[in-house]
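Below: the structure, in structure tokens.
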Amino acid sequence: MAEDIGFRAALDEAQKGASEGGVPIGACLVSAEGKIMGRGHNMRVQKSSATIHAEIAALENAGRLPASAYKGATMYTTLSPCDMCTGACILYKIKRVVLGENNTFVGGEDYLKKRGIEVVNLHNADCEALMKIFIKEHPEDWYEDIGEQ
């Protein structure tokens with residue numbers, strides 16, 4: 001099942017990011033046919049980047065594709081997408097965004113919905129636990145990541 005594959009890959013990516021000392025957010029882009037197109041995790045800390053959030057990494061790792069490739073695709077992400085990642089999903093006309101949780105951060109979910117993108121929240125405890133630990137241990141990195149510091 002694509003949902004299991006996509007979410008599992010996103011969670012694996014988040015755990016990989018955590019093990020590297022980065023912001024533990026992962027993402028996976030899955031085609032309408034259920035195939036992984038790209039996956040990645042937040043690399044802002046590891047690469048001193050201003051823009052490599054998980055969803056951006058997944059899109060980057062999918063490579064250059066025609067706009068039609070995204071038709072019917074789902075972006076799986078372990079956390080509610082920020083404004084930048086929300087914009088990327090809208091730009092590429094992603095059909096659905098499945099997020100692990102939004103208790104630690106609420107991003108552009110309402111805007112996604114207004115633009116006709118289905119949003120599903122899995123309320124996943126593992127995703128929430130990863131974020132709570134990171135925010136407690138690295139508040140300066142977290143607030144920088146979401147543009148508040």
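These numbers come from a predicted model, not from an experiment.
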Linking I/L/V/M/F/W/Y whenever their side-chain heavy atoms sit closer than 4.5 Å, directly or via other members, would [X] and [Y] fall into one cluster?
| X | Y | result |
| --- | --- | --- |
| V97 | L79 | no |
| L99 | V30 | no |
| I25 | I146 | yes |
| I56 | L91 | no |
| Y92 | V119 | yes |

The criterion is side chain to side chain donor-acceptor pair (under 3.5 Å); which residues satisfy it with [X], sequence neighbours excluded?
| X | value |
| --- | --- |
| T86 | none |
| R39 | E13 |
| T78 | none |
| D110 | none |

Pairs satisfying ring-ring contact (aromatic ring centres under 6.0 Å, His included), at least one member in residues 101-129, at least two apart
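Only F105-W142 qualify under ring-ring contact (aromatic ring centres under 6.0 Å, His included).
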ring-ring contact (aromatic ring centres under 6.0 Å, His included) partners of residues 22-57, not counting sequence neighbours, each pair once:
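Qualifying pairs: none.
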pair [X]-[Y]: side-chain heavy atoms closer than 4.5 Å:
| X | Y | answer |
| --- | --- | --- |
| S31 | I36 | no |
| D141 | F134 | yes |
| L29 | T74 | no |

Going by the side chain to side chain donor-acceptor pair (under 3.5 Å) test, which pairs reach into residues 56-72, not counting sequence neighbours?
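Side chain to side chain donor-acceptor pair (under 3.5 Å) check on residues 56-72 returns no pairs.
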Minimum-distance pair of heavy atoms, taken over all atoms of [X] and [Y]:
| X | Y | answer |
| --- | --- | --- |
| V45 | G21 | CG1-O, 3.9 Å |
| C89 | I117 | O-CD1, 4.1 Å |
| A73 | I94 | O-CG2, 3.4 Å |
| A14 | L130 | CB-CD1, 4.0 Å |
| G40 | A57 | CA-CB, 3.9 Å |

Sub-3.5 Å donor-acceptor pair from the side chain of R44 to the main-chain atoms of I52, do we have one?
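Such a contact is absent between R44 side chain and I52 backbone.
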Does the E101 side chain pair with the main chain of N103, one donor and one acceptor, at a distance under 3.5 Å?
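Between the backbone of N103 and the side chain of E101 there is a qualifying donor-acceptor contact (under 3.5 Å).
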Checking D12 against K16 for the salt bridge (charged side-chain N to carboxylate O under 4.0 Å, His left out) test, could you report, in this order, the C-alpha distance in whole Å, the side-chain angles of both residues, the deciding distance, and whether it holds?
CA-CA 6 Å; D12 288 348; K16 183 177 180 183; over 6 Å; no
Pairs touching residues 78-95 that satisfy salt bridge (charged side-chain N to carboxylate O under 4.0 Å, His left out), sequence neighbours left out
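The answer is none; no pair qualifies.
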Answer with yes or no whether the side chains of N102 and E109 bring together a donor and an acceptor at under 3.5 Å.
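There is such a pair between these side chains.
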Go through the structure and list residues passing side chain to side chain contact (heavy atoms under 4.5 Å, CB included) with [X], not counting sequence neighbours.
| X | answer |
| --- | --- |
| N124 | F7, D126, C127 |
| A69 | M37, L65, P66 |
| I133 | E137 |
| A27 | A54, E55, A58, M75, T77 |

How many angstroms lie between atom CG of N121 and atom OG of S80, to the nearest 0.5 angstrom?
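Answer rounded to 0.5 Å: 8.0 Å.
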